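I have placed the structure first, in the form of structure tokens, so that the comments after it can refer back to it.
Numbers here are sequence positions counted from 1. Just follow the structure's listing: the first ligand is 1, and inside any ligand the first atom is 1. Please read these numbers as outputs of a predicted model, since none were measured by experiment.
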Amino acid sequence: MKTTQVVVIGLGRFGTTVATTLYQMGHDVLAIDKDPIKVQELAGQVTYAVAADATDEDALRELGIEKFEYAVVAIGSNTEASIMVSVLLKSLEINNVVARSVSKLQGQTLDRINVDKVVYPESDMGTKLAHDLFLPGIEQYMELTSTYGISKIKVPLRLVNQSLKNSGFGNLRDRYGVTLIAIQRGEDIIINPDENQNLISNDILIIAGPDEKISDVVRPTTISTD
Ligand code: ATP
């Protein structure tokens with residue numbers, strides 16, 4: 001993967017996770033926080049960690065921020081700082097500024113100042129948790145609409161050693177009313193699998209469909225596979 005230069009501003013829980021994950025993925029990460037203790041805690045886990053007030057344009061210029069391809073404004077509850085820093089980064093002509101928003105109003109403001117992407121980790125996590133609670137057995141869920149999504153589920157025991165056809169996935173969209181997009185088998189991904197493909201234990205099924213139909217795949221009793 002291409003190494004990208006990313007600056008992450010605001011090293012709370014969210015910013016720290018973004019910064020360290022990007023660094024582990026092999027990217028060059030400059031992490032900035034005005035609190036020197038937060039910066040010290042991150043030493044060795046990112047490329048550079050610097051204590052600076054990111055609302056200070058001179059401080060950002062001294063750090064050569066304008067050369068970065070990506071910037072993540074991870075400041076959340078300090079709305080004023082989040083907006084000021086985002087404006088500064090756009091005025092320094094950083095092409096990809098991603099800003100975290102903790103409220104709708106903050107998000108709308110960030111959109112208006114032409115931030116490239118606004119993310120809502122708290123509300124996304126809340127939505128995900130609500131879906132996870134009512135879709136037990138589902139390992140990962142991505143909402144497409146409030147009632148439709150893409151899920152990763154561990155192959156139910158009753159379907160192990162059966163072909164897709166016999167499992168109810170014949171013609172890919174069959175008995176369950178969902179679409180089987182792919183099977184993840186260890187490090188391999190079998191896209192658009194053939195209906196004669198056998199399922200084996202520990203396979204992960206990646207399926208798209210209405211929530212209640214997805215849960216039918218997980219729930220053993222609702223549908224017979226005979
Ligand atoms: P999290 O939920 O990610 O833990 P939080 O909502 O508790 O964060 P925020 O107010 O969003 O806290 O602040 C996140 C971090 O951003 C803090 O570590 C704070 O020191 C830092 N920060 C806030 N303003 C600035 C600024 N102007 N320059 C640099 N860092 C800042």
Would you check whether Met84 reaches within less than 4.0 Å of ligand 1, judged by its heavy atoms?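 Met84: no contact with ligand 1 (<4.0 Å).
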So for Ser82, does at least one of its heavy atoms come nearer than 4.0 angstrom to any atom of ligand 1? no
Please list, in number order, the atoms of ligand 1 under 4.0 Å from a heavy atom of [X].
X     : result
Thr55 : 27 (N)
Ala52 : 28 (N), 29 (C)
Asp53 : 26 (C), 27 (N), 28 (N)
Ala81 : 24 (N)
Phe14 : 3 (O)
Gly10 : 15 (C), 16 (O), 21 (C)
Asn78 : 10 (O), 24 (N)

So among Val115, Ile9, Leu110, which one has a side chain to side chain contact (heavy atoms under 4.5 Å, CB included) with Ser82?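 Checked Val115, Ile9, Leu110 against Ser82; only one passes side chain to side chain contact (heavy atoms under 4.5 Å, CB included): Leu110.
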Which option out of Gly76, Ser77, Ala54 puts a heavy atom nearest to atom 5 (P) of ligand 1? Ser77
Using heavy-atom distances only, which candidate in Lys34, Arg13, Glu80 approaches atom 4 (O) of ligand 1 most closely?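 Comparing heavy atoms across Lys34, Arg13, Glu80, the nearest one to atom 4 (O) of ligand 1 lies in Arg13.
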Using a 4.0 Å heavy-atom cut-off, say whether Asp33 meets ligand 1 through its side chain, its backbone, both or neither.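 Contact part for Asp33 vs ligand 1: both backbone and side chain.
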For ligand 1, does Arg100 get within less than 4.0 Å through its side chain, its backbone, both, or neither, judged by non-hydrogen atoms?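 Side chain only.
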Please name the pair of heavy atoms, one in Gln106 and one in Gly76, separated by the smallest distance, quoted to 0.1 Å.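 Taking Gln106 first and Gly76 second, the nearest heavy atoms are NE2-O, 3.4 Å.
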Might you confirm whether atom CD of Glu66 has over 12 heavy atoms from other residues, nucleotides or ligands at distances under 6.0 Å? yes
